[in-house]
Structure formats: C-alpha cells, structure tokens
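None of the values given here were measured: they were computed from a predicted structure.
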Amino acid sequence: MPIYEYECKACGHRLEKLQKISADPLTECPACAKEELQRLISAAGFRLAGNGWYETDFKSGSKKNLAGEGGADKTAPTKTTAKDGAAA
C-alpha cells in the first residue's frame, strides 16, 4: 500500500496516510475540519535490494564493481600444445 501525502489548502496542515490505491482520497482536514484537504504528488521512495542484477548498484568505494574484481580474467582457459604440454 502506498503512502500518500496531503495538504490542507485552508490551514496548511500536512500529513501522510497509508491507503490502498483504490481508496478514495481524504478531503477533511484533521486540524481544522474543513473540506480543503488535497492529495499531493510526490516521488516514490524505494530501493531495490537482494541478489539480482542490481546487487552492486548501491555499493561504494572499492566494493562498487564486484563483477570486475580480481584483475585479469581468471576464468579463461589456457591453451596447451599437444607436443610439450606447456601453456601457449
């Protein structure tokens, strides 16, 4: 359920209310009891968390790029020659 912000146009009182999306907007101000309450438009505040593709998005400093750590590509196979078994 989203949190909606409201402001009374009569007295300036502001409040937040946890409501269902399908709920009717509040109209009566709890401070002055006038029918001047209006829902405000505000930015949604959320943060993705977990071990999905966004796992490193909120890291800082040296932990910013975990996928690129370790220098050279350590997972690439090395070539060997059949003659001497040495790495090419």
Interatomic distance, [X] atom [atom1] to [Y] atom [atom2] [nearest 0.5 angstrom]:
X     : Y     : atom1 : atom2 : value
Gln19 : Tyr6  : CD    : OH    : 3.5 Å
Ile3  : Leu15 : CD1   : CG    : 12.0 Å
Leu37 : Cys11 : CG    : SG    : 8.5 Å
Thr27 : Arg39 : OG1   : CZ    : 11.5 Å
Cys29 : Gln38 : SG    : CD    : 11.5 Å

Q | Contacts of type salt bridge (charged side-chain N to carboxylate O under 4.0 Å, His left out), residue Arg14, not counting sequence neighbours | A |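 By the salt bridge (charged side-chain N to carboxylate O under 4.0 Å, His left out) rule, Arg14 matches Glu5.
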(Q) Can you list everything that forms a salt bridge (charged side-chain N to carboxylate O under 4.0 Å, His left out) with Glu7? Sequence neighbours excluded, please. (A)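 With sequence neighbours excluded, Glu7 shows a salt bridge (charged side-chain N to carboxylate O under 4.0 Å, His left out) to Lys9, given in chain and number order.
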Q: Please examine the side chains of His13 and Cys32, heavy atoms only from C-beta on, and report whether any two atoms are closer than 4.5 Å.
A: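 No - every pair of side-chain heavy atoms lies 4.5 Å or more apart.
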Q. Crowded around Leu18 CG? As in, over 12 foreign heavy atoms under 6.0 Å?
A.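 More than 12 heavy atoms, drawn from other residues, nucleotides or ligands, come within 6.0 Å of this atom.
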